[in-house]
Amino acid sequence: MIDLLIQGCDILRLDRGQTTIELNQDIAIRDGIINQITSAGSINPANAKEVLPAKGLLAVPGLANTHAHVPMVLFRGLVEDVTLASWFNDYIFPLESNLTPEDVYWGALLGIAEMIESGITAVADHYFFMDQVAEAVRDSGMRANLVWAVFGHEGEEKLNATVDFVRRWQGVAGGRIVTWLGPHAPYTTGPDFLRLSAKKARELGVGIHIHVSETLEQVQLSLREYGVTPVRMLKDTGVLDVPTILAHCLFPTDEDIQILADAPTGIAQAPKTYMKAGMGTAPLNKLRAAGIPIGLASDGAASNNTLDLYEQARLLALTQKHLAQDPTVMPVDEVLEIAFHGGWQVLRMGDRVGDLQTGKLADIALLRQDGVHVFPRYSPAANLVYSSRASDVDTVICAGKVLMRERQLLTIDKARVKQEIAQRLERLNQRVPGRRIAFYPA
Ligand SMILES: [Zn+2]
């Protein structure tokens, strides 16, 4: 018996940097794994517990969102058009002091609903009250790499509490939840705290997810205060000895790139945030030439407004072409390589998911291809990068379980989530003078 049979879909394949489409295929799934892929009609539906007719739909791997603050959907659209320092110090850090664990649970569920609707099956989340985020991930059926963000001023006791979180949730929900450590950034922790974080990560056998070199000013501040770049500080403190997810890394020096090339690391890219905040553009050609995995990321919706990685894929291509003033940079196949392979490599799951092949984890999104905005279909690959919308995602499967079918979420009651959040908004958007969770140095 097989658990799920997807009948008659088209399949996106990525092989050695080239995309191809195979038409009219059946996908059989058993125990959360892709069991067989074969031309349509050769698997007897009587042998399947559940059958999904998928004629005309395009099957692609689930997307991995490599850096997010999912519950920040609670602050979506609240702060616009201010400097990064003001965004943190006058708005976000004060607003975040209002959050309760229950707020975070409902915010996480709202963000997860948006991600599932966008074909995302895994997220690397970096936030607070992470037990509630873990509960939301468990309840929703998606995958996550979760860290409890911690600032240097919170001290070793708080770091130890995040170690306890790692132990509580590691491998829970059938292995869908992975937990790491999450010191916030070099500029909010300093080298001693990073050294301590790296030591705890080594003892736990886990990785570290951290912001680094988000702006040129941060790099200059680090050079002034510590005499090293933020990336060099990560190396010197032992952070790069463990697996890492580095959020942003827009301004690596050539020496930084060499350091990163020798480390078990990956970089998360959220170009919409970079454009909105006027931060800059990462030198992806150089980073990729050095063999460093790059994945798409949404960052938080307070800066990015959506958790839509199709939008990020498009903006990643456009910003790279714009930076280079060269339309041949970042071609369609390379964007899809980053979207579907790079993200899973950053999550250190690239050998298990990201390809629709026998033996891989069954994380699959089925996209509608009948919209006028994707017609004609000379190139489904070009359509995916430049024309498709997250709302084209019709059905989403994670670990072999259907989480959304024909745009209907099966694990999340959206009306309830919106109702729970609506009654919290008035309290959440108050700023109390002098109350903030951290300080952004500027
Ligand atoms: Zn971030």
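Each ligand, and each atom within it, is numbered from 1 in the order the structure gives. These numbers were taken from a predicted model, which means no experiment stands behind them. Basis for what follows: all heavy atoms, side chains included, without hydrogens, waters or symmetry-related copies.
Inclusion of His211 in the first shell of the Zn ion (ligand 1) is supported: an N, O or S atom falls under 2.8 Å. Among the backbone and side-chain atoms of His67, an N/O/S atom is found under 2.8 Å from the Zn ion (ligand 1).
Angle subtended at the Zn ion (ligand 1) by Asp299 OD1 and His69 NE2: 80°, rounded to 10 degrees.
Using cut-offs of 30° and 60° for the angle between ring planes, the His209 and His126 rings count as perpendicular.
For the side-chain contact (heavy atoms from CB on, under 4.5 Å) with Asp299, the lone residue among Lys272, Gln269, His248 that qualifies is His248.
Contact of the Ile245 side chain with the Asn145 side chain is registered, since non-hydrogen atoms from C-beta on lie closer than 4.5 Å.
Between Ser298 and Asn304, the side chains place no donor N or O within less than 3.5 Å of an acceptor N or O (distance only, hydrogens not considered).
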